[in-house]
Amino acid sequence: MNRLALFLLSRATPEADREWVVGDTLEQLQEIEAAHGRAAARRWLRRELWRVLRDAPAHRLVHGFPQRRRARPLRYFGDGLMPRLRDDIRYALRAFARAPRFVAIAVATLAIGIGANTAMFSVVNALLLKSLPFDEPDRLMLVHVLRPDRDGANREMVWSYPRYRRFAEDQQVFEDYGLFSGRDFNLAGEEAPQRVRGEAVTDRYTAVLGASPILGRAFRYEEANEVGGQAVAMLGHALWTKRYGADPDIVGRTIQVNAAPYTVVGVLPPGFSGLTGNAQLWVSLAALDTTELAEASSYSYSMVARRKAGISAEEAVANTRLVGDRIGAEMSEAGPNGALLPPNSATAVSLTASRADVDVRRASLVLLGAVGFVLLIACVNLTNLFAARALERRREVAIRTALGASRGRIRRQFLVEGVLLAVTGALVGVALVPLLLAAAAALLPDSDVFFRGSLTRSTGRVLGAPGLTRVGAGMIGVDAATLVFTLGITAITASLVATVPMIQASSTRPLDALKAAGSAAGSRVRELARCAPIVAQIALALVLLTGAGLMVRSAVALHGTPIGVDPANVLAVQLDLPAATYGSSPGAPAGSAFYAELAERVRALPSVASAGLASFAPVGGGFNQTRAEFLNPQRDGNAVVGIHWATPDYFDTLGIRLLEGRRFAGGDRAGAPHVLLINETAARSLWPNESPIGKTIGVWQGGFDDGAEIVGVVADVRYGAIETASIPEVYLPLAQSYRSRMQLFVRSELPTQALAAAIASIVRELDPNLPLAEVKTMDTRVGDAMWRTRVGAWLLSAFAGVALLLTAIGIFGVMAQIVAQRTAEIGIRMALGAQARDVLRWMLRRAAFVTGIGVALGVGCALAAARVLDALLYGVATYDPLTFATVAVLLGLVALAACYWPARRATRVDVLVALRND
Amino acid sequence: MAAPLGEFEQLVLVALLRLGADAYGATVRREIEDRANRELSIAAVYTTLERLERKGFVRSRIGEPTPQRGGRRRKYFDLLPPGARALQAAHKAYTRMTEGLERELEALP
């Protein structure tokens, strides 16, 4: 201790006087030690050191500035950069080692803030920014058919093969093009049957996207595009390695796709999974859909095209429109009643722009903004922490100044410390990213519905490539762009965190700092400035909390929305009978018999209450639409209806109520007069004020265009999204109109696993080559249908929770500081007769004032921010007063609670201690 | 004539006068501490002595190294005639100003 003090003392003394000053000090030290003892000597030396440091500037001044300082370059970026930087870093590390708790808190806060931002950015980057993993993706466009709707609006739609051919031959702007359609295939052969996602494509599809086979070749024109095309297939790299052990002789082998033999002609490169995002098997379109090739009205395929070099997107759209109009006029369509439909046209949109639907885009940006707010709040806290630490280190700073460190040097020291902490936080944060992404993945439904675009907005926009966002989701990860982003926010964070202490340090006057510690009772202005960050924090936290509150209320509203079925204890399983074995729609006795037998056997299982089949699962998002015309009584026009196929037991199994008439019965079989059920919305909108029972309508799908009698009305079921009200819907009895792909619904108390195994074994007995797909309980499906709202609510709530906690900590810290610095003032007030209660009230009043400003500012910002959320909300008003009021009160209470403890401490100030301090 | 002496300069010069040949940093400092009951640092003493030397009031000489100072030398200071004259002038001014007021000054609260 003495040696250190002597060393500091000698360093503080100008070199010219050092020898005698130290000598004199030693002499006196020995005298005092002899007279008063060791402890007294040490105390004297310590006081002497402070005195010498205090007088050091004057002492130096009288001798003139030391030569050394003039000789050395002062600038950081001179030739002395590296050694100086090394000194600064070493010094910073030593300072950190002395304050491990401070470092731990700072790094943890930054790691969470920067990590969450990086993770969120990697999602946004994949969904919205990163270029798609195809060759020159900017020249790729999705081309859609435009169909005028009844209300005159145009609807984007997929292509029929003959229209596509005409369009492809007539257009002048695309150099290459292909059709694709996402399908599920039953893959069988030597190995166990497997359900595989894939695409039916034309010959140029892979070439358009720039994927060339790593083995074998792509499809030829005559295989994929012409009637009678050969059944050929290409394998994805993952399927090839997993199922076929990366067999190099796979080309030429025959595999069973949907119970038909296909010859493997090629294997596609790793990472390629088509435009639908998770395809692993490609089959020649002409071989799979033999009849569709000639049907101009069979709209089934999406079209992707590559613009010629030098053609702009606008030119491409214009030409597409022109050619589309011409083809629409030439290939006019008539409905079954003979009336001409309005002509189609065509349009093109950039593939990159249509990668994420509007809601996903908005949700991801909202979440990125929210997590940015969290980082901002964290930065404010760290700034406070740094400022408090800088205050504690005023003496240290003063000593360094007295020892000859320039203010620039001190400032740099704080900057280096800020940067070091931010970089450490960023490194830990980036290391956290995979964990955060994995945790986030747990919130998302499996790939089946992952990022599926909303099909159900009232505009009825049919997405050109549903699942295109899946392509994006597959690209989530930390890449160069993400790291640049992280570097950017780290730099911003470092500068935010280091600025305040830098300013404080450079305004510290060594003489002031060395006077009795902590007596720097800040002026009122300075104290208000200290409260500004709190106000900002409260406002930011309020914006986040409001967003979270609105999303949570949406989730609750969604949860409470009746979907028309009772999902508890119902398991759903998807089956797809291959046309080669069972025939195709609408009349296929083998298929109908299979489904009847299956339902019968499942129903016979012990503890199965009921089992039924239907074409689409409720809240599954997808169902067919067609038109219905009024035959008896005859009426002009037609109506768009959703169409479903079902067995009689389906309605009981899912608890769908019958409102009028009867359900399907055993007598409604092939050959008997066609019958239909309709839903409540259809009954109310198509036959207002009269009963629909007994009316005859023609449905343009499923072989029911000749007319069928309506025998009953059932309650509405939400087949699209939970958010979307039902449209008019019709149910066809499966026995009268066969459909190959059906969902089996089983109501049973059995555990899911056991029930699924029992169903699988029954299916195996009936057909060993038939795989089950999408084995899921209805509860899970309902959960999946809410994922977007649920994820939004979860993440926003998590962010808001962290923000609230950080804000509370921030308020606590600043209030504690203010109390510590106002101890003397409080002591005086108490000495003058103020009671503890008065002090508490005085403290809380200022806290309430600051909180009030923050809340008012926050409500203003939240009102503006809520508009962004609007499209993501359901069942709650954007400016929901309840949410705003609750959040404001909650935040106010938390803020006051955070103020309460420091304020309480203020009331326990010992008057004598407080006054002696001064 | 040079600028009038500051108060601390006067104290230092008086100490030199009293100490004679034995005036160096530690003794000057002790003299002022004991008699004037003033808390001061060794740095302040040398700062003032340096200033006085530049004015030509005092002269310094370096002594021999001594073991109890860890082999460090002392720097002695002697009062020079201009310094003595300045001190005398300051003292005269002070006594003339306070002449006849001794009892009142004592009695001040």
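- No more than 12 heavy atoms of other residues, nucleotides or ligands sit less than 6.0 Å from atom OH of Tyr94(B).
- For chain B, the option among Leu26(A), Val52(A), Leu9(A) with the highest count of heavy-atom pairs below 4.5 Å is Val52(A).
- Note: Arg73(B) leads Glu39(B), Glu50(B), Arg73(B) in heavy-atom pairs under 4.5 Å with chain A.
- The neighbour count for Arg47(A) CZ, taken as heavy atoms of other residues, nucleotides or ligands under 6.0 Å away, is above 12.
- Residues Asp17(A) and Lys75(B) have side chains in contact (heavy-atom distance under 4.5 Å, counting atoms from C-beta outward).
- Comment: Arg72(B) does not engage Glu19(A) in a salt bridge, judged by the lack of any side-chain N to carboxylate O separation of less than 4.0 angstrom.
- In Asp22(B), the CG atom is crowded: over 12 heavy atoms of neighbouring residues, nucleotides or ligands sit closer than 6.0 Å.
- Counting non-hydrogen atoms of other residues, nucleotides and ligands closer than 6.0 Å to CD of Glu104(B) gives a total above 12.
- In this structure, Trp20(A) CH2 and Tyr76(B) OH are separated by 12.5 Å, a value rounded to the nearest 0.5 Å.
- With a 4.5 Å cut-off on non-hydrogen atoms, Glu53(B) does not touch chain A at all.
- Enclosure of atom CZ in Arg61(B) by more than 12 non-hydrogen atoms of other residues, nucleotides or ligands within 6.0 angstrom is indicated.
- Between Arg74(B) and Asp24(A) there is no salt bridge, since no side-chain N of the basic residue sits under 4.0 Å from a carboxylate O of the acidic one.
- The shortest non-hydrogen separation linking Glu27(A) to Ala26(B) is OE2-CB, 4.4 Å.
- Only the side chain of Thr25(A) comes within contact range of chain B, judged by heavy atoms closer than 4.5 Å.
- Using a 4.0 Å cut-off between a side-chain N of Lys or Arg and a carboxylate O of Asp or Glu, Glu48(A) and Arg29(B) qualify as a salt bridge.
- Under a cut-off of 6.0 angstrom, the local environment of CD in Glu33(B) is crowded, with over 12 non-hydrogen atoms contributed by other residues, nucleotides or ligands.
- Salt bridge present: Glu31(A) and Arg30(B) bring a charged side-chain N and a carboxylate O closer than 4.0 Å.
- For residues 40-47 of chain B, heavy-atom neighbours of chain A at less than 4.5 Å comprise Leu40(B), Ser41(B), Ile42(B), Ala43(B), Ala44(B), Tyr46(B), Thr47(B), sorted by residue number.
- Atom CZ in Arg54(B) sits 7.0 Å away from atom NE2 in His63(A) (nearest 0.5 Å).
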